[in-house]
Amino acid sequence: MNPETNAPYQRVLIASANPLFGQGLEKMIQRQWKNPQLEIRRVASNEAVLSEMQNWLPDLIILDYDDKAISRAEFLQEFVAGDQPMQVMLVSLKSSGAVVVYDRRTLTPAQAEDWLNLPKFSQTTSEYPPKQRRSSMKHFVIVGVLIAAFTALIYFLLSNIPLLPIAASAQAQPIDQLFNLHFFMISLLFSLIVVFLGYSLVVFRHKPGEEEDGAYIKGNNPLEIIWTVIPLGIVIYFAYLGSVSLAETRRADPQALEIKVVAGQWFWRFEYPDYGIVSNTMVMPVNKQALLKLTSLDVIHSFWVPEFRVKQDTLPGENLVRELRLTPTELGEFKVRCAEMCGTSHAYMESPVRVVTQAEFDQWVQDQLAAIGTDPVARGEVWARNNGCLSCHSVDGSPNVGPTWKGLYGLTHELTDGSVVTVDDEYLLTAIVNPNAQVPKGFAPGVMPQIYKDTIPEQQILEIIEYIKSLK
Ligand code: HEC
Ligand SMILES: [Cu+2]
């Protein structure tokens, strides 16, 4: 360092947040200048620099070139506001111990910008802050327009690429509305990120010869609050829409057609308890709600017809029956597939789903019933099997939860109340529709389901009785 001997400094202000910088420089200056009147002060923050400049009036200010905590821009502002020329040095300490003096000069306020050579500042002092704000406003306007255009473009593409198959059920409507909204949000967020990124890359690129570091930004509270509160609001709104849509897909029609869906490795079976039909194809009348009661025989499967959008797991276990409501709105042939990995043939676990008119459905029911036959005994056996009677009653005399049906008809029975009855048609009918009325000795009341009066058509109950009578 080589100070001008004819202008010895009396008050030197060293501005750096790095204590090593200040100490090293102070020692060096005292050794070199040997000026007994020399006073050196060290400050570590912007505020301190500014207050010392105003109150202590140093005649040399040494700024740490590498210190981002000392803002040269603010320093400059303060300096421009004053009217004293000031000696400033811009110094950098290298790790090798070398001192690099970038600049050292007496500055008049008018020269200040030139000296600091901060490219962001305008050439004319008086314009400095407003001009900067105006030009960043310009960037925001351009970016805003670009984001809007980009969002529109991507949303247009997303909504015109057939990402989803046709929507073929009433339950698909609220779900597709949600999908649309999500597509819009995806487009907006994607544009927001990519446009800001791309614009910054292009517009704020280092120009050749521009060696300055970028501005040091420590935080921005308003920005952080905005980008927390707005997404939070959006997420809460989506949660609200999600629950509304869920309720919509579950809206119950009391007239719904019940279909029991049984999943197993690897097949689907569809039972129509109202008709006593069991089928490998799910046939549904159009525009009529079907109430699916889903269950599994082995592992967890999942019932999914993509055109209907809604999906429901099927779980093994009597008391884990799940419900799904479907109102098909389009005639046609679809496919149910398993949407839960369930073993080696999971990928092939598909069954046809046919949506037909009510007339076609009635015809299908007639055909199925005709296939079962007209023999009451044979039909009774089907109803007994479909309704799960045979899981509690054996037909070969072997013991089970309930009394065996073999040889039951005509038997003389002792009941738990001590009375003795002969098993005839009337007894069997009462036993099925009102099981607790007469409990045979050795069996507990309340075990046999009390629901059959309501769930099995009377004609079918009579045919079950014919079947029981045939088991001699
Ligand atoms: C969960 C087991 C269970 C199921 C399912 C079941 N039952 Fe029963 N059933 C019983 C038991 C236990 C009894 C004896 C106690 C009673 O009568 O309540 C019985 C009694 C009967 C009797 C009288 C038998 C006798 O010896 O007096 C008839 C008839 C009968 N069931 C028919 C049916 C029919 C038809 C179905 C299907 C639609 C059916 N049960 C389903 C458990 C069952
Ligand atoms: Cu499966």
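As the structure lists them, so they are numbered: ligands from 1, and atoms in each ligand from 1.
- Closest to atom 33 (C) of ligand 1 among all protein heavy atoms lies Met448 CE, 3.2 Å.
- Shown in contact with Ile464 at under 4.0 Å from a heavy atom are these atoms of ligand 1, numbered in order with element: 35 (C).
- Under a 4.0 Å heavy-atom criterion, Pro449 is in contact with ligand 1.
- Residue contact check: Leu428 has heavy atoms under 4.0 Å from atoms 29 (C) of ligand 1.
- Residue contact check: Tyr427 has heavy atoms under 4.0 Å from atoms 25 (C), 27 (O) of ligand 1.
- Screening Ile277, Leu294, Leu292 against Ile259 for a side chain to side chain contact (heavy atoms under 4.5 Å, CB included) leaves a single residue, Leu292.
- The ligand atoms of ligand 1 that sit less than 4.0 angstrom from a heavy atom of Tyr452 are 5 (C), 36 (C), 37 (C), 38 (C), 39 (C), 41 (C).
- Under a 4.0 Å criterion applied to the non-hydrogen atoms of Pro435, ligand 1 contributes the atoms 16 (C), 17 (O), 18 (O).
- Protein heavy atom in closest approach to atom 40 (N) of ligand 1: His393 NE2, 2.8 Å.
- Ala444 counts as a contact of ligand 1, since one of its heavy atoms falls under 4.0 Å from the ligand.
- In this view, Thr327 and Ala170, Gln171, Gln289 satisfy the side chain to side chain contact (heavy atoms under 4.5 Å, CB included) rule, not counting sequence neighbours.
- Because the distance cut-off is set at 2.8 Å, His346 fails to qualify as a neighbour of the Cu ion (ligand 2), as none of its N, O or S atoms comes that close.
- Distances below 4.0 Å separate heavy atoms of Leu408 from the following atoms of ligand 1: 25 (C), 26 (O).
- If you look at Cys389 next to ligand 1, the close heavy atoms, those under 4.0 Å, come from the backbone and the side chain alike.
- Take Glu248 and apply the salt bridge (Lys or Arg N to Asp or Glu O under 4.0 Å) test, not counting sequence neighbours, and it matches Arg251.
- Residue contacts with ligand 1: Trp383 is excluded, as none of its non-hydrogen atoms falls under 4.0 Å.
- Counting the atoms of ligand 1 from 1 in the order shown, those under 4.0 Å from a heavy atom of Ile432 are 32 (C), 35 (C).
- With hydrogens left out, the protein atom closest to atom 28 (C) of ligand 1 is Ala431 CB, 3.8 Å, a heavy atom.
- With rounding to the nearest 0.5 angstrom, the CG atom of Leu192 is 7.5 Å from the OG1 atom of Thr151.
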